[in-house]
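The chains referred to below are lettered A, B, ... by the order of the sequence lines, with proteins before strands, and numbering in each begins at 1.
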Protein chains: 2
Amino acid sequence: MTESPVHHESPIYRRIADRLREQILSGALGDGDRLPGENALMNEYGVARATARQALAVLINEGLAVPRRGSGVYVRLFRPIRRHGPRRLSREQWGDGRAIWDHDTMGRPYTVDELRVTREKAGGRVAEVLGTDEVWVRRRRYSVEGRPVQLAASHYPAAIVGGTPITEADTGPGGVYARLGELGHAPARFTEEVRARMPLPNEAKLLEMPAGTPLIVIDRIAYTAAGVAVEYNEMLLDSASYVLQYDFDA
Amino acid sequence: MTESPVHHESPIYRRIADRLREQILSGALGDGDRLPGENALMNEYGVARATARQALAVLINEGLAVPRRGSGVYVRLFRPIRRHGPRRLSREQWGDGRAIWDHDTMGRPYTVDELRVTREKAGGRVAEVLGTDEVWVRRRRYSVEGRPVQLAASHYPAAIVGGTPITEADTGPGGVYARLGELGHAPARFTEEVRARMPLPNEAKLLEMPAGTPLIVIDRIAYTAAGVAVEYNEMLLDSASYVLQYDFDA
DNA sequence: TAGTGGTCTAGACCACGTG
DNA sequence: ACGTGGTCTAGACCACTAC
């Protein structure tokens, strides 16, 4: 039309997004509620389809809404797992391998799948930390209540774990840390590096993450009392499913 | 034209994005390099402007590229600050208030601005943890090398800090923790909760964050030896500028 | 079958930064 | 002045979901 677009204000799609966001944050639209769809926004605001779409894309990329094809756009819901850094790794927990994850999920049911144990040539930081490029890697995926929440890849020096149950699918009672202890390499100290970034497409697919969901990346290194690094564990967590907690003294 | 679109494969804009991503991750396009722009992609792939744009939007939302109006789209660069959880808060650091941040930035120059100290009615979790809704709040923004990297809001019970330098802009040598110590409320234990999410528009603006950059949210509570919560500090970190490190024993 | 979101085209005008 | 990304329109066809 000939209506002057009146710029210098915030663009239309942003103002539509702002109004919808306000309704979500104020609670007027609650968890799982349906947002007005593309057609509804076209009618309500008299804009083209692409503009309505752009407004919804803002909320989707902010992680506030999730689109479902053929159905609609819905307010996102959160149910974080509390992952307690230091406490979960205290020695007492090793008695039973499941204890660590039971601690995290507070009893909610979880599963492990896509477990693959392979021997590999390590590169870059892993080789540097472990002091060798000959490593065994244990990769797996954790799901809670049927939803995948974490990918993990634990690296171990081949010289230490070769020929032990750590290279088998089933590591036995107490898990890897119990086996390392029996080998005289019990972890005594840990360092965790925490980052956040957007997932790559393959990561988003494995974790079934909707758009607008960051990844929490944790690189954990386990050291023996002698200061030898015996494990490099890279974990990728769906940030919508996790809260990390760290306790320490002054 | 009449060329059949051949669906059931991944859409055009995704395949364009995949090719560009590959060049970025492989290093063929390095930090700060210019990507082919909208016009270039239109010519190269014979697609409409909106499709080329959509391909670039994928990379931008993944945090791999940054658009600059009037100039082009560029490969994103990273220069993280290492923020060391426990060590930076050890008592020895309090002797000089600047020490904590010097530790984080490893000597890189930083500034604090937008400092506001206000008395407020606390709500929700803050009031619950501090055991009162009468609080003083110290809000400020940290920048490193001229780029804003963190917003922080520290909450203190008014009954403890009222009338002390903690309610002034300048808290004196050693900072807030030194003053709390003099008041008989020296922090002895800390807990930090770490989350990641996409920033809201006002948060993204204050931190000058480009699209596709998650926020790291840290809620830190300081407890005295007697177990009294004396500080609730909510920090919002630009995830492109930070790596968190936590050390602990088994 | 009707409605939803997903992809794509072919135009247009604008604000902005670099030359 | 020119090319860049930013916004917007008005169509179209598709795949999927719900009824």
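A straight line from CG of Asn61(A) to P of dG6(C) spans 12 Å, rounded to a whole angstrom. Note: CG (Leu41(A)) to P (dG6(C)) measures 13 Å, nearest angstrom. With rounding to whole Å, Arg15(B) atom CZ is found 13 Å from dT7(C) atom P. Rounded to an integer number of Å, the gap from Leu35(B) CG to dG3(D) C1' is 17 Å. When rounded to the nearest whole Å, the span between OH of Tyr45(B) and P of dA10(C) equals 18 Å. For the pair Ile60(B) CD1 and dT4(D) P, the computed distance is 15 Å after rounding to whole Å. Atoms CD (Gln54(B)) and P (dT7(D)) sit 15 Å apart, rounded to a whole Å. The interatomic distance linking Arg34(B) (CZ) with dG17(C) (C1') rounds to 11 Å, in whole Å.
Ion pairing of Arg21(B) with Asp18(B) is present here, as a side-chain N (NZ or NE/NH1/NH2) and a carboxylate O approach within less than 4.0 Å. Between Glu128(B) and Arg125(B) there is a salt bridge, since at least one side-chain N of the basic residue sits less than 4.0 Å from a carboxylate O of the acidic one.
Using cut-offs of 30° and 60° for the angle between ring planes, the Tyr110(B) and Tyr142(B) rings count as tilted.
Considering only side-chain N and O atoms, Arg68(B) lies nowhere under 4.0 angstrom from the phosphate OP1 or OP2 of dG17(C). Put simply, Tyr13(A) has a side-chain N or O that comes within less than 4.0 Å of OP1 or OP2 on dT7(D). Using a 4.0 Å cut-off, no side-chain N or O of Arg49(A) falls inside it from OP1 or OP2 of dA10(D). A close approach under 4.0 Å does occur between a side-chain nitrogen or oxygen of Thr51(A) and OP1 or OP2 of dT9(D). The shortest distance between the side-chain N/O atoms of Asn39(A) and the OP1/OP2 oxygens of dT4(C) is below 4.0 Å.
Nucleic acid contact for Ile12(A): sugar-phosphate only, since backbone atoms but no base atoms lie under 4.0 Å from a heavy atom of the residue.
Side-chain atoms of Arg53(A) lie closest to dT7(C) of the nucleotides dT7(C), dT17(D), dT4(C). The side chain of Glu38(A) lies closest to dG6(C) when the candidates are dT9(D), dT7(D), dG6(C). Of the candidate nucleotides dG6(D), dT9(D), dG6(C), dG6(C) has the atom lying nearest to any side-chain atom of Arg69(A). Proximity note for Pro11(B) (side chain, C-beta onward) versus dT4(D), dT7(C), dA10(D): the nearest is dT7(C).
Side chains of Arg138(A) and Thr171(A): a donor-acceptor N/O pair is absent below 3.5 angstrom, by distance only. Side-chain atoms of Ser154(A) and Arg220(A) include no donor-acceptor pair closer than 3.5 Å.
Heavy-atom distances to DNA chain D give each of Ala52(A) and Ala40(B) a nearest nucleotide, and the one nearer the 5′ end belongs to Ala40(B).
Judged by distance alone with a 3.5 Å cut-off, no donor-acceptor contact links the side chain of Arg14(B) to the base of dG6(C).
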